[in-house]
Amino acid sequence: MKKNKKLIENYEKYVAPLREEYYKNILNIDYSTLPKGILLLINHLPFIISFIIILLGNFTITSYIISIISLIILNILIKIISKMFSLESTNKYLSEIQKQGYFSIEDYEDKIRKYITGPTGYYQEELNNIKNKYNINDQTTRKISTINGEEYYIWTNNKQDKINLLNTKSNKRPTIETIKIANIRYYRVDEERHSIILKTDINIYQLKKESLPILNEIMKNKRLENIKTFTPDIYINDFELFMHKIKKEMTTNNYYEKERLSNNINKVAISLIFLITIIILNNIVNRYQIIFIIISILTIFILNNAIKGIMSYNYKKELSENETIKIINNNPECIEYFKELKYSLGINDNFDKVYTTENVCYLTWAANGYFHIFLNLIYFNVVYMAIKPSDIKYYKVENNTCCIKLKDKTLVFTKDAANIFAKILPNKDYAWLKGYQSSK
């Protein structure tokens, strides 16, 4: 573990999310990249030329200064040329592991399989320790499977008020996820995808249908058909907490990039200071010159890698609100959570659609004695209103808009919305109300 601590740390912090995304979208990934040998040469070309300059300059102070300048200039030129001719791979997973010194996905996969995810890796060792601690075995411990191929050991605590889940495979860091039965919202059969949806306060699991008997045994009262109370506020709160977790992840990724940039800048500064010290000692002390030269060359190698790290910094400007909305509305996980939110609230896409003047879509319908309106857009906050008819004063067409006047606010939509409100809000048309009141 200690020997491979850095490998594990870098894998979990930088690589694992990109690797997971890569394997989810493997058919849509651009594999184009330079041959391994050429890539190796390009990556070390600044260092090779820098070393040649020092060698030809007979290891003088001037030769070191010229070599460092050439090191910086060549790294900048390589970065510019790579961008100009699209030599850099658009495969984020590959780009990330190349930053860490690997030249192909195969090389990196072999490494992590050996030390992290494989049968003799760190994760398997951790998994075995957990299984021994909790007396888990493949013969007696029940399992549930997701439609994505993940498999979990599942068992309850002594009080039967919590369930524990543990991934059976070592492809991820093994951790026990403990869920209070009280925090399980429901599970249901999804006939459309031939699966079981298990919804907790935090996660949504899409399980294979074979998992249904186990869920029926452990938490029958959580089956959606058996739940008698409707609690929309809880479902909305769950979704908003999930979306704020997504927001945090978006900012965390940028934080890690900045952290890496800062580390590489520090490496450059330390390498330069160390190199200057070695050069001075080499010119003062008559002994150990060969050792000083070897150390200086190794320092330049480290300096080159640090400069490359700075060159590979992926600067991300602060996203505008429209850019953020576009990203989250194309995120498969967000789409899945939003779809389940609508299901839990009894909202379907067959309801009438009205649009704001900014072309934002709302679903609207009348049911159970209320006028309902729901923002049909994935965002960090949910807009869902169930309004009593008595709290609606009127709707009115003005120029190219249609306004609904409520007791405490006014909602503004495009003019076409009036046709929808005419169906679901009878006797609330402003012109009709005005005529009705004047005739009394």
Side-chain angles (χ1 to χ4, degrees), residues 230 232-244 246-247 250 317-332 334-440:
F230 178 58
D233 289 346
I234 291 177
Y235 301 137
I236 289 170
N237 186 60
D238 289 348
F239 180 80
E240 290 181 343
L241 287 174
F242 163 75
M243 288 305 300
H244 283 286
I246 292 292
K247 188 175 186 178
M250 291 170 71
K317 65 180 180 67
E318 291 295 322
L319 295 172
S320 67
E321 187 173 13
N322 286 338
E323 288 170 329
T324 301
I325 289 172
K326 185 176 180 180
I327 289 171
I328 60 179
N329 277 268
N330 286 282
N331 181 315
C334 293
I335 292 169
E336 186 60 40
Y337 266 75
F338 190 64
K339 183 177 180 180
E340 194 59 30
L341 170 68
K342 290 168 72 174
Y343 187 94
S344 64
L345 296 176
I347 299 171
N348 63 68
D349 289 326
N350 294 324
F351 292 139
D352 290 309
K353 296 178 181 179
V354 293
Y355 295 86
T356 67
T357 52
E358 292 81 24
N359 202 37
V360 177
C361 178
Y362 284 80
L363 299 176
T364 184
W365 68 99
N368 303 318
Y370 285 85
F371 167 65
H372 301 262
I373 190 159
F374 176 80
L375 175 62
N376 197 32
L377 180 76
I378 302 173
Y379 195 60
F380 301 109
N381 301 105
V382 176
V383 177
Y384 175 46
M385 293 179 281
I387 307 163
K388 293 179 182 178
S390 58
D391 291 336
I392 303 171
K393 293 188 175 181
Y394 58 79
Y395 70 88
K396 180 181 182 181
V397 175
E398 290 182 325
N399 299 322
N400 290 319
T401 64
C402 178
C403 305
I404 297 184
K405 181 66 176 175
L406 307 178
K407 190 192 318 187
D408 56 350
K409 67 182 72 176
T410 301
L411 307 177
V412 181
F413 301 99
T414 59
K415 183 179 180 180
D416 296 339
N419 299 324
I420 304 299
F421 298 142
K423 294 190 303 179
I424 61 177
L425 291 175
N427 304 328
K428 292 295 180 179
D429 176 61
Y430 179 79
W432 182 88
L433 283 170
K434 188 176 179 182
Y436 175 74
Q437 290 167 353
S438 62
S439 65
K440 293 177 81 175

Visitor: Should Asp416 and Tyr355 count as side-chain neighbours, where that means a heavy-atom distance under 4.5 Å?
Guide: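 Not touching, per the 4.5 Å side-chain cut-off.
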Visitor: Should Ile236 and Glu240 count as side-chain neighbours, where that means a heavy-atom distance under 4.5 Å?
Guide: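 Counting from C-beta outward, Ile236 and Glu240 do come under 4.5 Å.
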Visitor: Drop me the distance from Thr414's OG1 to Glu358's CD, to the nearest 0.5 angstrom.
Guide: 10.5 Å
Visitor: Do Phe413 and Phe421 come close enough that some side-chain heavy atom pair is under 4.5 Å?
Guide: yes
Visitor: To the nearest 0.5 Å, tell me how far Lys396 NZ sits from Asp429 CG.
Guide: 10.5 Å
Visitor: Would you call Leu377 and Val383 a side-chain contact if the rule is heavy atoms closer than 4.5 Å?
Guide: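 No, their side chains stay 4.5 Å or more apart.
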Visitor: Donor-acceptor check, side chain of Asp391 to backbone of Leu406, threshold 3.5 angstrom: yes or no?
Guide: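 No, because the side chain of Asp391 does not come within donor-acceptor range (under 3.5 Å) of the backbone of Leu406.
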Visitor: Sub-3.5 Å donor-acceptor pair from the side chain of Lys247 to the main-chain atoms of Phe380, do we have one?
Guide: no
Visitor: How would you list, by chain and number, every residue that makes a ring pair (Phe, Tyr, Trp, His ring centres under 6.0 Å) with Tyr394, sequence neighbours excluded?
Guide: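 Tyr430.
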Visitor: Check Phe242 against Cys334 and note the closest heavy-atom contact, atom names and distance.
Guide: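 That closest heavy-atom pairing would be CE2-CA, 4.0 Å.
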Visitor: Check Val412 against Thr401 and note the closest heavy-atom contact, atom names and distance.
Guide: CG1-CB, 4.0 Å
Visitor: Nearest 0.5 angstrom please: Phe371 CZ to Leu425 CG, how far?
Guide: 5.0 Å
Visitor: Mark yes or no for whether Lys428, through its side chain, and Pro389, through its backbone, hold a donor-acceptor pair below 3.5 Å.
Guide: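 Such a contact is found between Lys428 side chain and Pro389 backbone.
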Visitor: List the atom of Cys402, the atom of Tyr395, and the distance in Å for their closest heavy-atom pair.
Guide: SG-CD1, 4.0 Å
Visitor: Quick one: pull up CG in Leu363 and CD1 in Ile373 and give me the separation to the nearest 0.5 Å.
Guide: 9.0 Å
Visitor: So, Phe338 versus Phe239, ring centres under 6.0 angstrom or not?
Guide: yes
Visitor: Tell me, do Asn376 and Asp349 make a side-chain contact under 4.5 Å, heavy atoms counted?
Guide: yes
Visitor: Between atom CG of Leu411 and atom CE of Met385, what is the distance when rounded to the nearest 0.5 Å?
Guide: 4.5 Å
Visitor: Could you tell me whether the side chain of Asn381 reaches within less than 4.5 Å of the side chain of His244, counting heavy atoms only?
Guide: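 Side-chain contact under 4.5 Å: yes.
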Visitor: Is there a side-chain contact between Ile392 and Lys405, using heavy atoms and a 4.5 Å cut-off?
Guide: no
Visitor: For Tyr379, what residues pass the ring pair (Phe, Tyr, Trp, His ring centres under 6.0 Å) criterion, not counting sequence neighbours?
Guide: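 So Tyr379 forms no ring pair (Phe, Tyr, Trp, His ring centres under 6.0 Å) with any residue.
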Visitor: For a quick test of reading the model, state the closest non-hydrogen atom pair linking Ala417 to Val354 and the distance between them.
Guide: CB-CG1, 3.7 Å
Visitor: Using atom types as modelled and distance alone, determine if a side-chain donor or acceptor of Asn348 lies under 3.5 Å from a backbone N or O of Asn350.
Guide: yes
Visitor: Are Met243 and Val382 side-chain neighbours, meaning at least one heavy-atom pair lies under 4.5 Å?
Guide: no
Visitor: So which heavy atom on Thr410 is nearest to which on Cys403, and how close?
Guide: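 Between these two residues, the closest heavy atoms are CG2-CB, 4.0 Å.
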Visitor: Around Asp408, counting heavy atoms of other residues, nucleotides and ligands shown, do more than 12 lie under 6.0 Å from its CG?
Guide: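 Buried by this count: over 12 neighbours within 6.0 Å.
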Visitor: Parallel, tilted or perpendicular, judged at 30° and 60°: which one describes the rings of Tyr384 and Trp365?
Guide: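 Rings of Tyr384 and Trp365: parallel, as their planes differ by under 30°.
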Visitor: Within the distance-only criterion (no hydrogens, no angle test), does the side chain of Thr364 pair as donor or acceptor with the backbone N or O of His372 below 3.5 angstrom?
Guide: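 Looks like yes, one N/O pair under 3.5 Å.
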Visitor: How many angstroms lie between CG in Asp233 and CG in Leu345, if you round to the nearest 0.5 Å?
Guide: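 Atom-to-atom, Asp233:CG and Leu345:CG are 9.5 Å apart.
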Visitor: Kindly give the heavy-atom pair with the smallest separation between Asn399 and Lys415, and that separation in Å.
Guide: O-CD, 3.7 Å
